Novice: 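Pasting in a structure now, in structure tokens, and then I'll have a few things to ask.
Order of the sequence lines sets the chain letters (A, B, ...), proteins ahead of strands, with each chain counted from 1. These figures come from a predicted structure and were not determined experimentally.
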Number of protein chains: 2
Amino acid sequence: MSLFNEKQIEIIIAAERLFAEEGFDGTSVRDIAKAANVNIAMISYYFGSKEKLLEALLLYRVSSMKLTLESVSQENISPVEKMNKLIYTYVNRIHSNRCIYQILHFELSNKKRELNFKEFIQLKKENLKFIEAIVKEGQEKGFYSNDINIALLPTIIIGSYIHFHMNKVYYIDLLLLDTEEKYEKYIQETLTPYIQKTINALLTHEK
Amino acid sequence: MSLFNEKQIEIIIAAERLFAEEGFDGTSVRDIAKAANVNIAMISYYFGSKEKLLEALLLYRVSSMKLTLESVSQENISPVEKMNKLIYTYVNRIHSNRCIYQILHFELSNKKRELNFKEFIQLKKENLKFIEAIVKEGQEKGFYSNDINIALLPTIIIGSYIHFHMNKVYYIDLLLLDTEEKYEKYIQETLTPYIQKTINALLTHEK
DNA sequence: AATAAATTTAAACAAACGTTTAATTTAAAC
DNA sequence: GTTTAAATTAAACGTTTGTTTAAATTTATT
């Protein structure tokens with residue numbers, strides 16, 4: 001059983017796209033109702049308010065983002081390969097969920113609303129544990145340097161991807177990614193391997 | 001002669017803080033007028049509209065951000081030291097201008113307003129040239145690998161810093177940075193050196 | 001088939017929004 | 001000191017905002 005019924009999910013999905021594209025304050029409940037093909041009153045009816053709809057959206061997405069890194073850390077491959085797979089999986093997941101990440105980034109750094117980010121912070125902490133396990137395995141097996149700030153590794157991975165995506169307009173201009181296919185291809189074939197290479201270089205780098 | 005008079009700059013500065021904290025659509029002209037201690041009508045009087053005030057803010061900040069990396073690339077030090085200094089200067093400048101960067105990141109990735117980002121994109125391209133010059137000098141002198149995607153270097157540098165700052169709430173929790181001093185100190189003494197180390201590892205890393 | 005509950009609707013609500021007005025005050029020019 | 005221009009004000013403008021209402025429709029239960 002899901003937390004939300006079909007109609008509620010339709011509204012959530014429509015709101016997600018609009019919140020990402022226009023911002024929460026830049027989106028009206030009338031916009032959402034039109035995009036979801038429902039009457040304006042349905043948003044209050046199902047969620048109570050526009051802000052509670054945002055909370056429902058966060059709950060819906062964050063809870064669905066759990067448990068994607070666990071399988072990687074249990075595979076029977078070298079720590080270096082594990083790390084590459086983890087970065088690939090991580091970047092892919094953020095890319096697939098880029099709308100909610102965009103919304104989250106705005107809401108995390110803005111003082112307007114008091115939202116509950118505990119679940120999101122918990123998710124980030126759990127992801128960090130998987131990364132930590134792989135790094136420690138790599139250190140024990142002599143692949144990696146012992147002087148690593150593990151807490152900042154996701155900063156580079158996510159930060160690089162998010163910054164690339166947020167500055168899409170600039171990179172389209174600079175790298176001539178004039179079609180959506182070229183943009184997607186660049187993320188898959190250049191950006192992701194580049195992040196993998198960067199993390200690998202950092203982890204194997206000696207003082 | 002400045003483009004704006006004192007009163008206009010007061011309004012711009014007040015708007016900058018509010019736009020960063022509450023978002024453009026989350027800030028009303030009445031909020032701005034109150035923060036700048038002027039009558040509501042002064043915003044239309046001086047700038048024409050709220051959106052034109054945002055444009056004025058972008059113009060004001062972007063034009064003041066030019067020419068900070070040039071001096072670094074001309075110093076008589078090794079490419080490795082130059083790169084470290086450049087990253088230090090770069091991160092510091094973004095940190096000092098974090099409000100406008102936050103606004104820019106939202107506006108760049110949002111479809112609501114059609115703003116003129118040409119100046120900002122030009123600034124980024126000029127910064128890239130300085131980075132490129134240092135990397136090529138490092139390659140010629142045998143410090144750096146020849147297999148470097150230079151266009152993506154700022155992605156890591158800025159992306160890591162911005163992501164750290166945007167997720168401040170999370171990092172305060174994770175790294176116990178419970179005072180503003182500790183947060184500032186962490187950026188200076190841990191995050192910036194970490195970014196320097198990462199870039200250095202990537203540049204010196206062999207395939 | 002009758003009843004009850006859940007869903008959907010159009011209309012209305014007050015509040016807040018960005019902008020404009022026209023009158024007033026302040027500063028500058030002559 | 002008078003005239004002209006610039007700056008500032010309070011009030012009002014028409015829209016749009018999120019939310020609620022009460023009636024109508026659909027679905028589920030008995």
Novice: Starting at the 5' end of DNA chain C, which residue's closest nucleotide do you reach first, A/Y45 or A/A41?
Specialist: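 In this pair, the answer is A/Y45.
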Novice: Figure out the CD1/P separation between B/I40 and D/dT9, and round it to whole Å.
Specialist: 10 Å
Novice: Taking atom P of C/dT8 as reference, at what distance in whole Å does atom NZ of A/K34 sit?
Specialist: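 Rounded to the whole Å, the gap is 19 Å.
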Novice: How close or far is atom C1' of C/dC17 from atom CG of A/D25, stated in whole angstroms?
Specialist: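 From A/D25 CG to C/dC17 C1': 12 Å.
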Novice: Is the distance between the ring centroids of B/Y90 and B/Y161 under 6.0 Å?
Specialist: no
Novice: Would you say the ring centroid of B/H163 lies under 6.0 angstrom from that of A/H105?
Specialist: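 Ring centres of A/H105 and B/H163 closer than 6.0 Å.
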Novice: Please give, in whole Å, the distance from C/dT8 P to A/N5 CG?
Specialist: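 Interatomic distance, CG of A/N5 to P of C/dT8: 8 Å.
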Novice: Check each of A/L153, A/N127, A/V72, A/I199 against A/L86 using the side chain to side chain contact (heavy atoms under 4.5 Å, CB included) test, and report the only one that passes.
Specialist: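 The option that passes is A/V72.
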Novice: Can you measure B/F4 atom CZ to D/dA7 atom P for me and round it to whole angstrom units?
Specialist: 15 Å
Novice: The side chain of A/S44 is closest to which nucleotide in this list: C/dG18, D/dT20, D/dT8?
Specialist: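 My answer, after comparing the listed nucleotides, is D/dT20.
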Novice: I'd like to check B/V135 versus B/M83 (side-chain heavy atoms, cut-off strictly below 4.5 Å). Are they in contact?
Specialist: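 Yes; the side chains approach each other to less than 4.5 Å.
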Novice: What nucleotide, of D/dT19, C/dT7, D/dT8, holds the atom closest to the side chain of B/M42?
Specialist: D/dT8
Novice: Report the base-pairing partner of C/dA15 (Watson-Crick or G-U wobble, both distances below 3.5 angstrom), or none.
Specialist: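 Base-paired to D/dT16.
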Novice: With a 4.0 Å cutoff (strictly under), does any side-chain N or O of A/N39 reach OP1 or OP2 of C/dT7?
Specialist: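 Answer no for this pair, as no side-chain N or O of A/N39 is under 4.0 Å from OP1 or OP2.
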Novice: What is the pairing partner of D/dT21, taking Watson-Crick or G-U wobble pairs with both distances under 3.5 Å in any strand?
Specialist: C/dA10
Novice: For B/F47, report the nucleic acid contact type (base, sugar-phosphate, nothing); a contact means any heavy atom under 4.0 Å.
Specialist: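 Nothing, no nucleic acid heavy atom in range.
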Novice: For C/dT8, does OP1 or OP2 lie under 4.0 Å from any side-chain N or O of A/K7?
Specialist: yes
Novice: CD of A/Q8 versus P of C/dT8: gap in Å, rounded?
Specialist: 10 Å
Novice: Check step by step if ring-ring contact (aromatic ring centres under 6.0 Å, His included) holds for B/F24 and B/F106.
Specialist: CA-CA 9 Å; B/F24 179 82; B/F106 182 77; 9.1 Å; no
Novice: Starting from P on D/dT16, measure out to CG on A/D31 and report it in whole angstrom.
Specialist: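 Going from A/D31 (CG) to D/dT16 (P), I get 11 Å.
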Novice: Tell me the interatomic distance from B/R30, atom CZ, to C/dA15, atom P, rounded to whole angstroms.
Specialist: 14 Å
